[in-house]
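Numbers here simply count residues along the sequence, with the first being 1. What you see is a predicted model, and the numbers here were worked out from it, not measured in a lab.
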Amino acid sequence: MATLEDKRFVIVTGKGGVGKTTVCAAEALALAAKGKRVLVAMCNAKERLSAMLGSDLIGSTVMEAAPNVWAVNMDPEAALEEYGAMMLKSRALYKLLFDNKYVRTFFRAVPGMQEWAMLGKAWWHTTEKDEDGRDRFDVVILDAPATGHGLDMLRVPKVIVDVVPPGLLRRDAERAWTMFQDPATCAVVLVTLPEEMPTTETIELAHALKSELKLPIGKVVVNAVLPPLFSREERVVLEAFHGRGETPGDAALWAGHDRATRERVQAESLARLAKELPISPSFLPLIFDDAANPASIRELAKRV
């Protein structure tokens, strides 16, 4: 697999249900094992990372979730308040100016503002320093929303750079956008499954990232890959089976039929990804037990 250890900002995205958070957790542990201090930033997600890392529930405040791994589940309004306080250099001044229902309603109605609050907060953590002046985190991993929403989020800083007049908001968006487009500091990780619909969506997402946003795709991870049991010829024979008997032999053939079909779809999907994506995909095996536990994530971390 391609390495992410030299990046400062890693964006993990893909179709919903393909295992983005699983990949984030595995990548975080793999980087932490190499001595990197890693922050995983989730976007107001249904929180599952704590179960994967064996930590307490992860909320909107940055907390340590594993050795050398920190995590935060960003709440849009809390992120907006934190970002506003940083821009104004004072949380008290922010509350004085913005802590009323009319201003909050206005900000909620501004297209992309909540997305930028979370994306901007995640980016800001790459600029954060310890008391001794070194970077607080070596790598920030953004567990981005699923494909459509994720693309909309990534478009926001480009829109700000293109249309917002010079000022604090545009200044930070320009700094973030410069980092996101630099393959030396940023990588987008696309996560998919070896199935028809996730494969199609991943190819479309890759084209949008490259042609529209000019963002560097650093890795494509195909999750839950089955080890093949049958040759192509055996798959053809098994998929042709349509018996309706109830004997143990018929049951075994039906199981083989289903497995052969799944292997064929997987092979076709992997061939499409290899042909149509700008980089060769990497693979993570299907975990037959529950993948959302620390033991499974540690095993996957060895693969990444």
Side-chain angles (χ1 to χ4, degrees), residues 4-13 24 27 31 36-44 60-62 70-72 74-91 93-94 97-98 107 110-145 149-189 208-219:
L4 301 176
E5 61 185 291
D6 59 339
K7 310 304 181 190
R8 296 282 290 123
F9 197 75
V10 175
I11 302 164
V12 180
T13 187
C24 287
E27 290 284 6
L31 291 168
K36 300 292 185 179
R37 291 166 298 170
V38 185
L39 172 67
V40 180
M42 297 172 285
C43 297
N44 200 29
S60 59
T61 301
V62 173
W70 289 259
V72 61
M74 297 180 292
D75 172 81
E77 292 202 8
L80 183 61
E81 178 177 339
E82 186 173 353
Y83 182 65
M86 287 187 296
M87 285 199 302
L88 296 172
K89 310 299 183 185
S90 167
R91 191 171 295 274
L93 181 58
Y94 172 86
L97 294 175
F98 296 100
F107 274 117
V110 175
M113 184 56 70
Q114 290 193 338
E115 286 78 6
W116 171 244
M118 291 188 289
L119 181 58
K121 172 179 166 59
W123 161 78
W124 175 80
H125 284 299
T126 69
T127 71
E128 198 175 5
K129 303 291 184 181
D130 281 336
E131 292 181 357
D132 60 4
R134 70 173 183 168
D135 293 325
R136 183 181 179 189
F137 305 110
D138 298 309
V139 185
V140 175
I141 299 176
L142 176 68
D143 187 356
H149 189 190
L151 263 180
D152 289 341
M153 171 178 277
L154 295 175
R155 288 186 179 109
V156 172
K158 182 179 186 300
V159 171
I160 294 173
V161 170
D162 289 343
V163 305
V164 173
L168 291 174
L169 179 61
R170 178 168 162 178
R171 180 202 65 188
D172 284 351
E174 286 176 339
R175 291 177 62 197
W177 191 239
T178 298
M179 170 180 275
F180 298 163
Q181 290 191 301
D182 184 357
T185 56
C186 180
V188 180
V189 176
L209 290 169
K210 294 294 287 184
S211 61
E212 177 190 347
L213 298 179
K214 307 293 191 297
L215 295 179
I217 298 173
K219 182 186 285 191

* Asked: With side chains defined as the heavy atoms from C-beta onward, is the minimum distance between Leu213 and Leu151 less than 4.5 Å?
  -> yes
* Drop me the distance from Thr13's OG1 to His149's NE2, to the nearest 0.5 angstrom. => 10.5 Å
* To do: Kindly indicate whether the side chain of Trp123, heavy atoms from C-beta on, has any atom under 4.5 Å from the side chain of Arg175.
  => yes
* At their closest point, which heavy atom of Met74 faces which heavy atom of Ala41, and how far apart are they? -> CE-CB, 3.9 Å
* **Side-chain donor or acceptor of Asn44 paired with backbone N/O of Pro76 under 3.5 Å** => no
* **CA sep, side-chain torsions, deciding dist, call: Arg37, Asp130, salt bridge (charged side-chain N to carboxylate O under 4.0 Å, His left out)** => CA-CA 12 Å; Arg37 291 166 298 170; Asp130 281 336; 3.3 Å; yes
* Structure fact -> Note: Phe9 and Leu142 closest approach over all heavy atoms is CZ-CB, 4.1 Å
* Got Leu4 and Lys36 here, is their nearest side-chain heavy-atom distance under 4.5 Å? -> no
* Structure fact -> d(Leu154 CG, Ile11 CD1) to nearest 0.5 Å is 5.0 Å
* Short N-O contact, Lys219 and Glu27, less than 4.0 angstrom -> yes
* Looking at Ile160 and Ala173, what are the two nearest heavy atoms and their distance? -> CG2-CB, 3.5 Å
* Evaluation steps, salt bridge (charged side-chain N to carboxylate O under 4.0 Å, His left out), between Glu212 and Lys158 -> CA-CA 10 Å; Glu212 177 190 347; Lys158 182 179 186 300; over 6 Å; no
* Side-chain donor/acceptor of Asp132 to backbone N/O of Arg134, under 3.5 Å -> yes
* **From Leu215 atom CG to Gln181 atom CD, the distance as rounded to the nearest 0.5 Å** => 6.0 Å
* Aromatic ring proximity, centroids under 6.0 angstrom, Trp70 and Phe137 -> yes
* Measure the NE2-CG distance between His125 and Asp135 for me, rounded to the nearest 0.5 Å. => 13.0 Å
* **Check: Val164 main-chain N/O paired with Arg170 side-chain donor or acceptor under 3.5 Å** => yes
* Val140 and Ala122: which non-hydrogen atoms are nearest, and at how many Å? -> CG1-O, 3.7 Å
* Asked: Which distance, rounded to the nearest 0.5 Å, do you find between the CG of Asp162 and the CH2 of Trp177?
  -> 9.0 Å
* Minimum-distance pair of heavy atoms, taken over all atoms of Lys121 and Ala79 -> CD-CB, 3.9 Å
* Between Arg8 and Thr126, is there a donor-acceptor pair closer than 3.5 Å when you use the side chain of the first and the backbone of the second? -> yes
* Asked: Closest heavy-atom contact between Glu115 and Met153?
  -> O-CE, 3.8 Å
* Supply the atom-to-atom distance Asp6 CG to Thr185 OG1, rounded to the nearest 0.5 angstrom. => 9.5 Å
* Asked: Is any side-chain heavy atom of Ile141 less than 4.5 Å from a side-chain heavy atom of Val12?
  -> yes
